[in-house]
Amino acid sequence: MDYQFRDIEKKWQQFWAENQTYKVDNKSSRPKYFVLDMFPYPSGAGLHVGHPLGYIASDIFARYKRLKGFNVLHPMGYDSFGLPAEQYAIQTGQHPAITTETNIARYREQLDNIGFSFDWSREVRTSDPSYYKWTQWIFMQLFNSWYNLDSDKAEPISALISVFEKSGNHSVRAVSDEDIPYFTAEQWSVKSENEKQEILLKYRLTYLRESTVNWCPAMGTVLANDEVKDGFSERGGFPVVQKKMMQWSMRITAYADRLLQGLDSIDFPEPLKEMQRNWIGKSVGAMVKFSLSPSLVENLGDADKDKFIEVFTTRADTIYGASFLVLAPEHELVTALTTNAQKAEIEEYILLTRKKSELERMADAKAVSGAFTGSFAIHPLSGQQIPVWIADYVLAGYGTGAVMAVPSGDQRDWLFATKYNLPIVAISDAQQNLDQQADPTKEGRYINSDLINGLSYQEALPVLINKLEELNAGKAKINYRMRDAIFGRQRYWGEPVPVYFKDGLPHLIQQSELPLVLPEVDKYLPTESGEPPLARAEDWRYSLSSEQGNGEVYEYELSTMPGWAGSSWYWYRYMASPEEREENVFAPESAINYWKSVDLYIGGSEHATGHLLYSRFWNKFLKDLGYVSEEEPFKKLINQGMIQGRSNFVYRIKDEAGKGTNVFVSHGLKDQYLTTPLHVDVNIVAHEILDIEAFKKSRPEYEQAEFILENGKYICGVEVEKMSKSKFNVVSPDDIVERYGADTLRLYEMFLGPLEQSKPWNTNGIEGVFKFLRKFWKLFHDDSFNFRVSEDEPSKAEYKALHKIIRKVEEDIERFSFNTSVSSFMICVNELTDLKCTKREILQQLVVVLHPYAPHITEELWVLLGNNPGTLSFADYPEFKPGYLVENEFAYPVSINGKMKMNLNISLSSESAEVEQLVLNNEDVKRYLDGKSPKKMIFVKGKIINLVV
RNA sequence: GCUGAAGUGGUGGAACUGGUAGACACGCAGGACUUAAAAUCCUGUUCGCCUUAAAGCGAGUGCGGGUUCGAUUCCCGCCUUCAGUACCA
């Protein structure tokens with residue numbers, strides 16, 4: 001029989017499922033390997049052809065590793081909490097759990113069609129209570145922990161309480177809120193329980209804090225940053241305003257430095273590491289205090305008397321060039337500092353900046369504006385009085401929300417000083433053209449800088465820091481751009497937060513009460529009073545168990561966890577086998593110690609600063625508490641590129657009035673007419689040629705359509721866009737599988753180009769891949785498609801073809817160059833076809849080598865070759881024997897002045913002198929030299945001969 | 001603006017440490033088989049010039065320089081595209 005991919009693929013997919021071929025054990029004599037894919041959100045649109053790209057790559061890798069003798073964990077699951085299902089629920093009233101279930105079933109069917117070697121017994125769904133029980137449990141651990149800077153790790157909050165009881169908080173070095181007053185053990189002991197809880201909340205790794213959120217009044221809901229475009233909601237285009245709200249936050253900043261350091265130990269793509277470094281945004285500098293001028297202090301209220309302005313700078317060396325201070329308009333001291341004379345001006349300015357949208361702020365990035373408070377601060381080293389201004393180029397959220405302005409060294413300060421006529425003091429003899437722009441050079445020697453005059457940058461910095469510390473006016477300080485992560489959404493379809501409120505303070509529910517199950521609600525919208533949807537749940541209150549409680553009931557937290565909660569630890573759940581999931585732990589210690597961490601993680605780079613940062617954070621936290629063993633969760637990560645859509649267009653002719661006619665003109669002739677380009681379904685276009693009959697049938701109004709053709713064909717226009725339903729450019733893997741089979745789809749997606757590169761989808765080359773598989777099938781069959789292999793000893797050429805591919809595929813897979821192996825398979829099969837090879841010795845090994853790429857056809861042939869069904873996945877990858885590739889002759893390219901002219905067969909054992917003789921006496925070479933004698937001959941053994949004339 | 005990645009035939013792409021640029025595949029052209037079509041197979045296919053043909057000559061990896069016997073690969077400057085980020089003191 002000819003290659004019957006439909007039967008073969010169905011048969012083997014069924015076999016693998018029935019026999020649980022890829023179910024993996026947490027025990028094995030073989031070494032372990034964990035291959036993970038970023039799990040999908042099951043959207044209603046189903047998989048398109050771009051989704052499986054990474055999954056195919058990881059599946060090839062997983063199958064290859066199995067052949068190489070590894071015990072491979074290769075699981076799949078669903079990140080099934082999320083907004084689209086909730087949006088759909090709001091519109092239709094259908095419970096998101098039902099939508100999600102339907103979508104998952106569809107995804108599963110599509111994934112099964114492609115022949116992945118997933119261990120489905122370990123599937124996870126983040127929206128499943130048995131899963132989110134542990135997401136909630138991790139939240140509780142975070143609530144019960146604080147970050148100790150002395151040990152540089154998270155520790156139980158109970159340990160902190162003992163310290164407070166023994167010696168207060170003077171000696172505690174923690175990552176915490178800033179506004180914690182010092183107290184002694186004695187003071188602690190007399191505090192009320194609520195006061196204690198209030199203080200502890202400032203230390204906990206997850207805590208409540210007032211944060212600004214994107215509030216959309218029209219939708220009655222909070223939006224994520226990426227749901228807001230230019231101040232309007234992406235969906236619906238309603239205005240969005242900034243609103244302060246009490247929100248759960250995660251103290252990820254405690255881990256900033258470890259997240260940064262850890263990057264050096266993991267194998268991630270350099271651009272991704274760079275993105276994380278920028279996101280963390282570590283800057284080394286100094287905090288400097290500027291006290292307020294005495295005349296001002298007299299007029300201040302008692303509360304502000306000991307206040308000073310603290311700034312953060314990365315260029316403490318430029319301190320003598322600081323000629324004014326600038327505060328963010330939101331800075332807490334602005335009101336106190338504003339003199340009566342300046343009050344009107346300052347208030348007007350603050351009002352102005354509040355009105356400016358993000359967009360406007362960005363648009364006039366070059367223009368600076370500000371207002372003078374009327375007050376002066378004292379320069380800590382020179383003692384001079386310098387004016388204090390406010391300006392919106394200083395951000396309240398970064399550093400201290402105040403800067404010392406050094407106009408000679410910083411361009412924004414320079415612009416500001418120029419605009420408002422403030423002094424620009426040169427501080428280095430290397431600075432140039434200060435009348436035109438700032439010069440931030442670190443070269444040269446300092447001038448106008450008292451203490452450090454004549455010193456270089458390297459010499460000056462320690463001198464300054466020491467002096468500032470001595471004066472108690474400053475200290476070295478490291479600052480991070482990264483902020484603590486908001487951990488809550490005012491939405492329904494997410495994990496409930498296992499917290500109830502008593503006297504306005506949050507308390508955890510009992511661990512034994514987990515999971516706290518998402519309650520039913522009548523509508524998935526916020527309440528009339530603006531509370532999240534969970535407030536609609538009836539009888540959803542917390543009451544303490546009878547031995548502790550007194551029958552009182554309390555309100556639960558009404559927000560739910562954000563999208564990243566469930567995905568920040570899921571790889572550990574995969575480690576637990578189905579049996580172990582019954583145990584009361586997120587994953588048993590033995591399983592974690594066996595699988596340790598993910599060896600290979602494949603996914604999109606869009607998760608660079610979200611998921612991949614949060615996951616590393618939770619992993620480090622779980623390690624601090626001793627629940628997991630590795631500091632980093634993902635040892636190696638590969639970003640697969642995006643597959644873009646390739647849209648096709650037809651051009652409808654407009655009449656003079658601009659009205660559309662029913663005549664369509666081919667792309668090459670469209671410029672002769674007035675036309676409207678219309679998207680046309682890419683599935684009825686092949687090589688840009690429109691299937692006119694299919695087009696006519698696609699819509700009733702096209703039935704009578706007329707066409708102006710070129711060369712008898714209708715040629716469509718092409719554009720690369722995102723793949724989406726509305727652009728009619730979605731290609732579903734199902735269609736490809738139906739037409740060519742899963743093995744062709746797998747090979748073709750790899751053949752398209754390097755895995756990491758983004759590329760538009762097109763099926764132009766798919767025929768070639770399909771033909772290759774038929775050719776491969778034919779190697780095992782005679783002309784009438786009877787299976788036949790011979791037991792004869794292969795020839796040298798046959799061995800050579802085989803061992804070339806054995807080595808090539810090994811090398812390619814190890815460096816994730818899957819596209820090049822597909823080409824090499826084609827070359828190999830072409831060679832063996834030319835050699836009329838039918839030898840079992842060759843073909844059986846080739847089956848094993850091709851198996852990771854095309855698992856179905858190889859399984860079928862494996863069994864036809866007489867092997868047991870299902871054993872191919874665990875066969876041995878053939879051993880490469882270099883002996884088969886050794887040649888004793890090589891066709892040396894002979895070039896003259898670097899230009900290739902001819903090839904010359906010369907023994908590989910020949911040395912330079914011998915070769916020179918041979919080359920110079922060659923008739924063709926003589927002809928090229930045209931009587932001239934070469935100056936020099938370059939000879940690289942096995943590579944090239946180059947004559948220099 | 002800054003950071004990162006990438007620019008190679010008509011198309012997707014290959015060339016792994018500086019050593020035969022365009023492998024492999026698509027498309028296209030021509031041919032075989034066929035009543036015909038599909039399928040399959042064979043031949044050609046970077047561009048330009050010259051030639052009946054064989055052969056030959058020249059140019060060529062975004063652009064301009066450089067290093068080298070030799071550069072798609074290394075260095076300097078520039079252009080374009082994509083991604084991330086956005087007044088970060």
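Per chain, numbering begins at 1; letters A, B, ... match sequence-line order. Computed from heavy atoms alone, side chains included, the values below leave out hydrogens, waters and symmetry copies.
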Side chain to side chain donor-acceptor pair (under 3.5 Å) between A:Ser283 and A:Tyr398, worked out: CA-CA 11 Å; A:Ser283 45; A:Tyr398 183 75; 2.8 Å; yes

A:Thr253 and A:Asp484: CA distance, side-chain angles, deciding distance, side chain to side chain donor-acceptor pair (under 3.5 Å) verdict: CA-CA 6 Å; A:Thr253 48; A:Asp484 279 346; 2.5 Å; yes

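Summarising the geometry, the separation between CZ on A:Phe751 and P on B:G27 is reported as 12 Å, rounded to the nearest angstrom.
Each of B:C69, B:A15, B:C88 was ranked by its minimum atom distance to the side chain of A:Lys936; first place goes to B:C69. Counting only heavy atoms from C-beta on, A:Glu811 has its side chain closest to B:C16 among B:C16, B:C26, B:A89. Listed nucleotides: B:G12, B:C87, B:G58. Nearest to the side chain of A:Leu752: B:G12.
Within the nucleic acid shown, A:Phe772 has no heavy atom closer than 4.0 Å to any nucleic acid atom. Counting any heavy atom pair closer than 4.0 Å across all strands shown, A:Lys808 reaches a base atom. A:Glu270 comes within 4.0 angstrom of no nucleic acid atom, judged by non-hydrogen atoms across all strands. In this structure, A:Pro754 reaches the sugar-phosphate backbone alone: every heavy-atom distance under 4.0 Å involves primed, P, OP1 or OP2 atoms, never a base. Across all strands, A:Ile938 comes closer than 4.0 Å to base atoms (heavy-atom distances). As judged by a 4.0 angstrom heavy-atom cut-off over every strand, A:Asn903 is placed among the base-contacting residues. Among the atoms of the strands shown, base atoms are found under 4.0 Å from some heavy atom of A:Val940. A:Asp812 comes within 4.0 angstrom of nothing in the nucleic acid, heavy atoms only.
With the nearest nucleotide of RNA chain B identified for both A:Ala396 and A:Met900, A:Met900 has the one nearer the 5' end. Nearest-nucleotide assignment on RNA chain B puts the 5′-proximal partner with A:Ser758, out of A:Ser758 and A:Arg483.
In this structure A:Asn639 satisfies the side-chain contact (heavy atoms from CB on, under 4.5 Å) test together with A:Pro269, A:Leu272, A:Ser605, A:Leu637, sequence neighbours excluded.
One can find a donor-acceptor pair under 3.5 Å joining the base of B:C69 and the side-chain atoms of A:Asn946.
To the nearest whole angstrom, the two C1' atoms, one in B:G22 and one in B:U81, are 23 Å apart.
Stem regions for RNA chain B, each three or more consecutive Watson-Crick or G-U pairs with both distances under 3.5 Å and listed by first number, read B:1-7 with B:79-85, B:10-12 with B:24-26, B:27-32 with B:40-45, B:46-49 with B:56-59, B:62-66 with B:74-78.
Side-chain N/O atoms of A:Arg774 include none lying less than 4.0 angstrom from OP1 or OP2 on B:A39.
A:Phe416 and A:Phe324 have their aromatic ring centers within a separation under 6.0 angstrom.
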